[in-house]
Structure formats: structure tokens, C-alpha cells
Amino acid sequence: QVQLVESGGGLVQPGGSLRLSCVASGSGFSIIAMGWYRQGPGKAGELVAGITSDRDRHTNYADSVKGRFTISRDNAKNTVYLQMNSLKPEDTAVYYCNAGGYDGNLNYSNYWGQGTQVTVSS
């Protein structure tokens with residue numbers, strides 16, 4: 001089992017910045033990738049950014065956030081971050097942390113955090 005706890009959401013003005021954090025805890029599970037998803041009001045959920053756990057730390061981003069958001073991780077702290085700059089009202093959403101990986105029996109699972117609200121408004 002893996003528990004994911006997000007923090008860092010809040011209210012920010014357009015053009016402002018926020019940094020989201022997600023701490024993973026648990027045992028018997030090997031995380032291979034983590035990411036951030038979001039769901040805005042009246043919108044479908046979307047992948048915002050993802051990062052692999054290997055040495056290369058491959059990243060990918062939604063087109064809508066490229067150049068503004070940066071995902072990073074600290075494996076020693078089992079933490080993934082999402083630095084969000086130049087925020088826009090359309091970034092308003094609940095942001096969810098996700099972790100995917102394998103247990104000791106090589107069964108793949110996805111885990112989700114509880115979500116953190118990000119509101120961009122003047």
C-alpha cells in the first residue's frame with residue numbers, strides 16, 4: 001500500500017506561482033513513475049506532468065503547461081514537486097498526485113492522493 005499526501009495548493013493571482021508537493025509513504029511497493037493530474041470545474045481530468053523514478057527521470061507535460069510548470073522529484077524523500085509559474089485562471093483545478101508501480105508479486109497498481117485545490121483568480 002502507498003499513501004500520497006499533497007500540499008501547497010491555494011489561491012493565487014494570475015501570473016503568480018505555487019509549488020505543490022506530494023509525499024509518498026508505504027512499503028512493499030516499487031514506484032516507477034509519479035505525476036500530477038488535474039480536474040477543473042466542468043472539465044475532464046488531464047495529466048499535467050509526469051516523471052519516471054529511474055536515473056534519467058524522464059518527464060512529460062501537457063501542452064497547456066509546457067514552459068510554465070516543472071515537475072521534479074527527490075527520491076530520498078519520496079517526494080514529487082510541481083512548480084507552477086505564470087499561472088492562469090484556466091489552471092484552476094483540483095490537482096491530484098499519482099504514483100504507479102509494482103508490488104512484490106509484480107502486480108501493477110496506481111495510487112492517488114486526496115487532491116489539493118488550486119485557484120487562480122484576481
Side-chain angles (χ1 to χ4, degrees):
Q1 285 288 335
V2 174
Q3 293 77 44
L4 303 174
V5 178
E6 302 116 331
S7 61
L11 173 65
V12 64
Q13 292 186 342
S17 298
L18 283 174
R19 189 176 82 154
L20 305 183
S21 300
C22 173
V23 181
S25 61
S27 62
F29 190 79
S30 178
I31 296 175
I32 62 171
M34 297 185 74
W36 291 94
Y37 289 73
R38 69 184 180 186
Q39 185 161 23
K43 298 180 181 180
E46 64 172 342
L47 172 66
V48 177
I51 186 168
T52 60
S53 301
D54 57 15
R55 184 186 308 175
D56 294 333
R57 301 190 181 184
H58 293 288
T59 60
N60 63 295
Y61 296 92
D63 288 342
S64 59
V65 307
K66 284 181 181 176
R68 299 188 298 122
F69 291 10
T70 302
I71 190 170
S72 61
R73 65 180 296 163
D74 184 334
N75 284 348
K77 296 181 179 179
N78 288 326
T79 302
V80 64
Y81 305 97
L82 185 67
Q83 178 66 44
M84 305 185 294
N85 299 328
S86 302
L87 282 161
K88 304 175 181 180
E90 51 264 42
D91 295 317
T92 295
V94 179
Y95 285 70
Y96 297 90
C97 178
N98 169 268
Y102 294 90
D103 63 19
N105 295 317
L106 298 182
N107 296 311
Y108 183 84
S109 296
N110 265 305
Y111 291 90
W112 296 89
Q114 80 284 358
T116 185
Q117 177 71 46
V118 172
T119 302
V120 184
S121 175
S122 55

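Keep in mind that what you see is a predicted model, and the values were worked out from it rather than measured.
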Can I get a per-line list of side-chain donor-acceptor pairs under 3.5 Å for residues 38-48, giving both atom names and the distance, sequence neighbours left out?
from	atom 1	to	atom 2	distance (Å)
Arg38	NE	Glu46	OE2	2.7
Arg38	NH1	Asp91	OD1	3.0
Arg38	NH1	Tyr95	OH	2.9
Arg38	NH2	Glu46	OE2	2.9
Arg38	NH2	Ser64	OG	3.3
Gln39	NE2	Lys43	O	3.2

Using the ring-ring contact (aromatic ring centres under 6.0 Å, His included) rule, collect all pairs that involve residues 5-26, keeping only residues at least two apart or in two chains.
none

Suppose the criterion is ring-ring contact (aromatic ring centres under 6.0 Å, His included): which pairs have a residue in residues 25-64, not counting sequence neighbours?
Phe29-Tyr111, Tyr37-Trp112

Donor-acceptor contacts under 3.5 Å from residues 69-76 side chains, at least two apart:
from	atom 1	to	atom 2	distance (Å)
Arg73	NE	Asn75	OD1	2.5
Arg73	NH1	Ser53	OG	2.6
Arg73	NH2	Ser53	OG	3.4
Arg73	NH2	Asn75	OD1	3.1
Asp74	OD1	Ala76	N	3.1
Asp74	OD1	Lys77	N	3.3
Asn75	ND2	Ser53	O	3.4

Testing the basics here: between [X] and [Y], what is the closest heavy-atom pair and its distance to 0.1 Å?
| X | Y | value |
| --- | --- | --- |
| Leu4 | Met34 | CD2-CE, 4.1 Å |
| Ser121 | Pro14 | C-CD, 3.6 Å |
| Ala99 | Ile31 | CB-CD1, 4.1 Å |

Which residues, ordered by chain and number, are linked to Ile32 in its hydrophobic cluster, where ILVMFWY side chains connect at heavy-atom gaps below 4.5 Å, directly or through other members?
Tyr102, Tyr108

Below 3.5 Å, can you tabulate the donor-acceptor pairs from side chains in residues 19-27 to any protein atom, sequence neighbours excluded?
none

Within the side chain of Gln13, is there an N or O that forms a donor-acceptor pair under 3.5 Å with the backbone of Ser122?
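No; judged by distance alone, with no hydrogens or angles, the pair does not exist.
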
Give a yes or no answer on whether the side chain of Asp103 reaches the backbone of Asn105 with a donor-acceptor pair at less than 3.5 Å.
yes

Using the rule that Ile, Leu, Val, Met, Phe, Trp and Tyr join whenever any side-chain heavy atoms are under 4.5 Å apart, tell me whether Leu18 and Val65 fall into a single cluster.
yes

Would a single hydrophobic cluster contain both Val12 and Leu82, if residues Ile, Leu, Val, Met, Phe, Trp and Tyr are joined by side-chain heavy-atom contacts under 4.5 Å?
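Shared cluster, yes.
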
Take Tyr96 and Asn98 through the side-chain contact (heavy atoms from CB on, under 4.5 Å) test and state the conclusion after the steps.
CA-CA 6 Å; Tyr96 297 90; Asn98 169 268; over 6 Å; no

Between atom CD1 of Ile51 and atom CZ of Arg57, what is the distance when rounded to the nearest 0.5 Å?
6.0 Å

Carefully, step by step, assess Gln117 and Thr92 under the rule side-chain contact (heavy atoms from CB on, under 4.5 Å).
CA-CA 8 Å; Gln117 177 71 46; Thr92 295; 4.0 Å; yes

